[in-house]
2 protein chains.
Amino acid sequence: MTKHNILTPGVFVNTVIFQLINEELSVLLTQREDEPYKERWALPGGPVPLDESTQIAASRIINNKTGIQIKQLGFLEQLYTFDSIKNDPGVPAVSVVYMGLGKSITPKATSHNRNAQFYPLDQIPTLAFDHNNMIEYAHQRLKSKLYYTNAIFALLPKMFTLSQLQTVYETVMEDKFDKRNFRKKILSFNLINATDEQHMEGAHRPARLYKFNKHELEYLTRSFE
Amino acid sequence: MTKHNILTPGVFVNTVIFQLINEELSVLLTQREDEPYKERWALPGGPVPLDESTQIAASRIINNKTGIQIKQLGFLEQLYTFDSIKNDPGVPAVSVVYMGLGKSITPKATSHNRNAQFYPLDQIPTLAFDHNNMIEYAHQRLKSKLYYTNAIFALLPKMFTLSQLQTVYETVMEDKFDKRNFRKKILSFNLINATDEQHMEGAHRPARLYKFNKHELEYLTRSFE
DNA sequence: ACAAAAGTGTTAAGAATACACCCATGT
DNA sequence: ACATGGGTGTATTCTTAACACTTTTGT
């Protein structure tokens with residue numbers, strides 16, 4: 001006898017993987033192969049088998065459907081659990097959604113999937129289920145995480161210029177900052193160190209390259225902006 | 001044909017309801033009636049039926065097991081979804097945990113439950129499943145919510161003194177504040193208004209009573225402390 | 001020489017911190 | 001009159017915000 005004897009919803013995971021592409025915040029989507037919503041774009045996801053935790057299932061499914069390894073992501077954390085919406089086709093379900101951040105990752109076609117690609121946030125089509133909501137929720141969460149953590153490291157390459165860093169903040173937070181104040185503040189957090197390398201590009205003064213001194217999530221000593 | 005054909009874990013909800021009792025942060029627990037962990041104290045919870053959302057199930061279960069109405073709580077929000085731990089008895093499951101805040105609420109014995117009571121955080125016994133972890137997680141979340149929201153309103157009575165308010169902050173945040181600075185800051189947030197009533201008690205000067213001007217969750221304009 | 005992005009400093013206003021005494025009441 | 005908790009102000013430091021010009025490079 002198990003501890004319950006009533007039927008409960010199915011358990012699924014979905015993942016919202018963000019990456020910057022051409023200075024645009026983009027989300028990894030896959031095209032569904034099966035009904036319901038066959039052919040529709042959707043967040044990578046699937047059912048959670050009995051012998052996997054939701055996080056393990058999320059990692060495996062990302063890899064199966066997009067060829068992306070979890071190690072390529074700066075982090076992956078649980079975002080929220082969504083109930084299936086009223087008029088959705090399919091069985092009643094909950095979807096445990098994970099959010100991840102990465103950089104320079106490219107989905108590969110796999111045996112389980114025809115199509116996987118990053119879509120810029122403002123070009124996302126109408127997705128299966130309530131996946132559009134999930135993305136919006138994830139974007140909000142990401143914004144707030146940038147206020148009180150160093151999460152941004154996961155979106156940037158190993159070395160970057162201060163201007164690039166500022167642009168990433170501005171893109172994700174959908175805001176603009178003063179260049180001098182931004183530099184003063186970001187340096188005061190001691191998250192990044194100057195290297196003695198420079199980035200030369202275009203007909204202008206070269207920019208000094210910086211790198212993060214931590215590559216794990218940490219809380220900031222005070223909030224950003 | 002449904003959209004999946006593999007078995008997934010069972011879906012449960014649990015709730016962490018906080019309340020202050022004698023200036024101690026306390027959590028609502030119920031004593032289990034069934035195996036596994038029969039007789040053990042646990043967070044109120046149960047399986048989610050197919051026709052309920054997790055939030056509705058959480059509300060119903062709190063009411064069934066403790067006699068508390070959801071309307072008595074200042075708020076109830078989803079906290080985190082826990083996978084059942086490896087060596088737990090019972091079927092594989094996920095537990096969607098909700099956190100709620102209340103004041104002056106008293107559990108009533110109901111037909112579904114023998115025992116429900118608030119335990120101060122530092123007197124909580126070893127609970128069923130990993131419910132002790134869930135409480136710790138909820139306490140952390142509550143602390144951070146006090147930094148950036150007005151959530152504290154949900155723990156205080158309609159009218160309160162500034163000293164009471166400070167004590168509540170100190171209790172939940174496990175910290176101490178300077179009285180003058182605390183008052184300056186809390187007033188600068190415009191969350192509370194002075195009333196012209198006073199609280200007289202004990203052999204000392206009576207204290208002015210204040211009330212919150214909002215009773216819904218809001219974000220603070222800057223962070224507290 | 002010019003265009004383009006990199007880099008840099010000061011001032012003013014607001015917020016946080018540290019800190020000590022008087023006030024109103026009951027006994 | 002004394003014990004108890006309520007109530008109040010100032011000075012210092014730190015943080016934020018506003019703001020404009022010089023530097024280095026490629027063409």
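Chain letters run A, B, ... following the sequence lines, proteins first and then strands; every chain starts at 1.
- With rounding to whole Å, A:Asp175 atom CG is found 13 Å from D:dA17 atom C1'.
- Between the CZ atom of A:Arg183 and the C1' atom of D:dC19 there is a distance of 16 Å, given to the nearest Å.
- Contact check, A:Ser163 against C:dA6: a side-chain N or O comes under 4.0 Å of OP1 or OP2.
- Ion pairing between A:Lys143 and A:Glu174 holds under the 4.0 Å rule for side-chain N and carboxylate O.
- Taking 4.5 Å as the limit, some side-chain heavy atom of B:Leu142 sits within range of a side-chain heavy atom of B:Met99.
- When rounded to the nearest whole Å, the span between CG of B:Leu187 and C1' of D:dG6 equals 14 Å.
- In this structure, CZ of A:Phe224 is placed 14 Å from C1' of D:dT15, rounded to the nearest angstrom.
- Taking a 4.0 Å limit (strictly below) on heavy-atom distances, residues 207-214 of chain A does not reach DNA chain D anywhere.
- Residue-to-nucleotide proximity on DNA chain C shows that, of A:Gln198 and A:His204, the 5′-proximal contact is made by A:His204.
- Atom CZ of B:Phe182 is separated from atom P of D:dG7 by 12 Å (rounded to the nearest Å).
- A:Leu79 CG to B:Tyr80 OH: the interatomic distance, rounded to the nearest 0.5 Å, is 10.5 Å.
- The stretch residues 151-164 of chain B participates, sequence neighbours left out, in these side-chain hydrogen bond (donor to acceptor under 3.5 Å, both in side chains) pairs: B:Ser163-B:Arg183.
- Side-chain polar atoms of A:Tyr98 and A:Thr54 form a donor-acceptor pair below 3.5 angstrom.
- Salt bridge A:Glu77/A:Lys145: present, at least one basic N to carboxylate O contact under 4.0 Å.
- Ring geometry for A:Phe153 against A:Phe212 counts as perpendicular: the plane angle is over 60°, on a 0 to 90° scale with 30° as the lower cut.
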Given the rule in the ring-ring contact (aromatic ring centres under 6.0 Å, His included) test, do A:Tyr37 and A:Phe129 qualify, once you have shown the distances and angles that lead to the verdict?
CA-CA 8 Å; A:Tyr37 293 113; A:Phe129 307 106; 4.8 Å; yes

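- With respect to B:Glu52 and B:Arg60, a salt bridge is recorded, a charged nitrogen being found less than 4.0 Å from a carboxylate O.
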Base, backbone or nothing for each nucleotide of nucleotides 11-22 of chain C, written B, S, -, heavy atoms under 4.0 angstrom, 5' to 3'?
----SSBBBB--

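- Checking B:Gln164 against A:Pro206, the closest nucleotide of DNA chain D that is more toward the 5' end is the one next to B:Gln164.
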